[in-house]
Amino acid sequence: MPELPEVERARALIQSRGLRRRIVAVDDRDGYVCRPHGPGEIADALVGRELTAAHRRGKAMWCEASDDGPVLGLHLGMSGRIVIDGVEGGDPKPAAAGRGWDRFTLDFEDGGHLTMRDPRRLSRVRLEPNLDRLGPDAARIAAGPFRERVGRGTGPIKARIMDQAVIAGVGNLLADEGLWRARVDPRRAAGDLARDELDGLRRALRAAIRDAIAKGGVHTGKVIPARRRDGSCPRCGAAMRRATIGGRTTWWCSAEQQG
DNA sequence: AGCATTGTTTCACA
DNA sequence: TTGTGAAACAATGC
């Protein structure tokens, strides 16, 4: 269930358990997850090397490796998780294993493994991933750049913060959570938000991200359980409203988030 | 059976 | 240029 917090947990897992282990074999046979690389191409680039660092911007992750070869890009997509030696990153709920959901695997010399486990196969593994179209990370962007990038345009604010080229890392659930915390109507035009509203939204998003990383993922958010029919606002009890905004199902408080 | 789904990319179109 | 909506991708769960 990867948005920025899950990806950060996966990155931390790789950093703590996946580095400095010699890669002796690579299973890159899933041509969809590894596209456009051909079978064996990623293996040839990685065998004999060791991962030396794990980085993240938004929902994109990449690993440096020893001996000056290409960088390994990992994107969890809609349902991907990183598993190392049976330990999962990203989500506290253990994924059902051993159902043929392991789409990409590094075998280490010490007998351990790093695996991309993904039921739906929308995750991606790439050499030298292109990150040019990714905006600043949503967890790290400063107030000034946030106001400048987010507070413009005629489209709805929710679509704006989910645009990975504007800021990187906010997905559908995190967007609803942040807008709810900031008491901002998701339908409002991004360019209409006042300076203090933009500052408040930035703080709300950062707090939501921080909490989600600590608790285990975006689904631990305060308003997430209210995103259902007959749901009510956890703060004021008013009915939650639902609509499609920015192409995604959106829920917000009918009383606190309007105008 | 039918609908929805946490992500990304592409395309037609206004 | 900016934005929108839909479709496609693959597969699962309710």
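Chain letters run A, B, ... following the sequence lines, proteins first, then strands; residues in each count from 1. Both backbone and side-chain heavy atoms feed into the values below; hydrogens, waters and symmetry mates do not.
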Chemist: List the atom of Leu76(A), the atom of Ser123(A), and the distance in Å for their closest heavy-atom pair.
Modeler: O-CB, 3.6 Å

Chemist: Nearest whole Å is fine: how far is dA11(C) P from Asp118(A) CG?
Modeler: 10 Å

Chemist: Between Gly48(A) and Asp67(A), what is the shortest heavy-atom contact and its length?
Modeler: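 What the structure gives for the nearest pair is O-OD2, 4.0 Å.
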
Chemist: Rounded to whole angstrom units, what separation is found between the CZ atom of Arg228(A) and the P atom of dG13(C)?
Modeler: 22 Å

Chemist: Within the supplied structure, the quantity of interest is the number of heavy atoms (other residues, nucleotides, ligands) at a distance under 6.0 Å from Asp110(A) CG; does it exceed 12?
Modeler: yes

Chemist: Remember a base hit wins even if backbone is also touched, and classify Gly247(A) as base, sugar-phosphate or nothing at under 4.0 Å, heavy atoms.
Modeler: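 Gly247(A): no heavy atom of the nucleic acid under 4.0 Å.
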
Chemist: Rounded to whole angstrom units, what separation is found between the CD1 atom of Ile224(A) and the P atom of dA4(B)?
Modeler: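 The answer, rounded to whole Å, is 19 Å.
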
Chemist: Name the nucleic acid region contacted by Thr249(A), choosing base, sugar-phosphate or nothing; use a 4.0 angstrom heavy-atom cut-off, strictly under.
Modeler: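 Counting heavy atoms under 4.0 Å across all strands, the contact made by Thr249(A) is with sugar-phosphate only.
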
Chemist: OP1 or OP2 of dT8(B) sitting under 4.0 Å from any side-chain N/O of His75(A)?
Modeler: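 Indeed, a polar side-chain atom of His75(A) lies that close.
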
Chemist: For the side chain of Arg120(A), counting heavy atoms from C-beta on, which of dT10(B), dG7(B), dA10(C) is nearest?
Modeler: dA10(C)

Chemist: In terms of side-chain geometry, is the basic nitrogen of Arg21(A) or Asp85(A) positioned less than 4.0 Å from the acidic oxygen of its partner?
Modeler: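 Result for this pair is yes, salt bridge flagged.
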
Chemist: Please report the interatomic distance CG(Asp102(A)) to CZ(Arg81(A)), rounded to the nearest 0.5 Å.
Modeler: 12.0 Å

Chemist: What contact category does Arg35(A) fall into here, base, sugar-phosphate, or nothing, at under 4.0 angstrom with non-hydrogen atoms?
Modeler: nothing

Chemist: Could you tell me whether Thr154(A) contacts a base, only the sugar-phosphate backbone, or nothing, with contacts defined as non-hydrogen atoms closer than 4.0 Å?
Modeler: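 Sugar-phosphate contact only.
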
Chemist: Using a heavy-atom cut-off of under 4.0 Å over every strand shown, decide if Gly246(A) touches base, sugar-phosphate, or nothing.
Modeler: nothing

Chemist: What is the distance, rounded to the nearest whole Å, between atom CZ of Arg121(A) and atom P of dG7(B)?
Modeler: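 Nearest whole value for this atom pair: 20 Å.
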
Chemist: Looking only at side-chain atoms of Arg248(A), point me to the closest of dT4(C), dT6(B), dT12(C).
Modeler: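 Output: dT6(B).
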
Chemist: To the nearest Å, how far apart are Trp101(A) CH2 and dG13(C) P?
Modeler: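 Trp101(A) atom CH2 is separated from dG13(C) atom P by 5 Å.
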
Chemist: For dC14(C), give the paired nucleotide (Watson-Crick: N1-N3 plus N6-O4 or O6-N4; G-U: N1-O2 and O6-N3; both under 3.5 Å), or none.
Modeler: dG2(B)

Chemist: Using whole Å, what does the distance between atom P of nucleotide dA10(C) and atom CE of Met78(A) come to?
Modeler: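 Taking CE of Met78(A) and P of dA10(C), I get 13 Å after rounding.
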
Chemist: Distance between the P atoms of dC3(B) and dA6(C), in whole angstroms?
Modeler: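 About 15 Å, rounded to a whole number of Å.
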
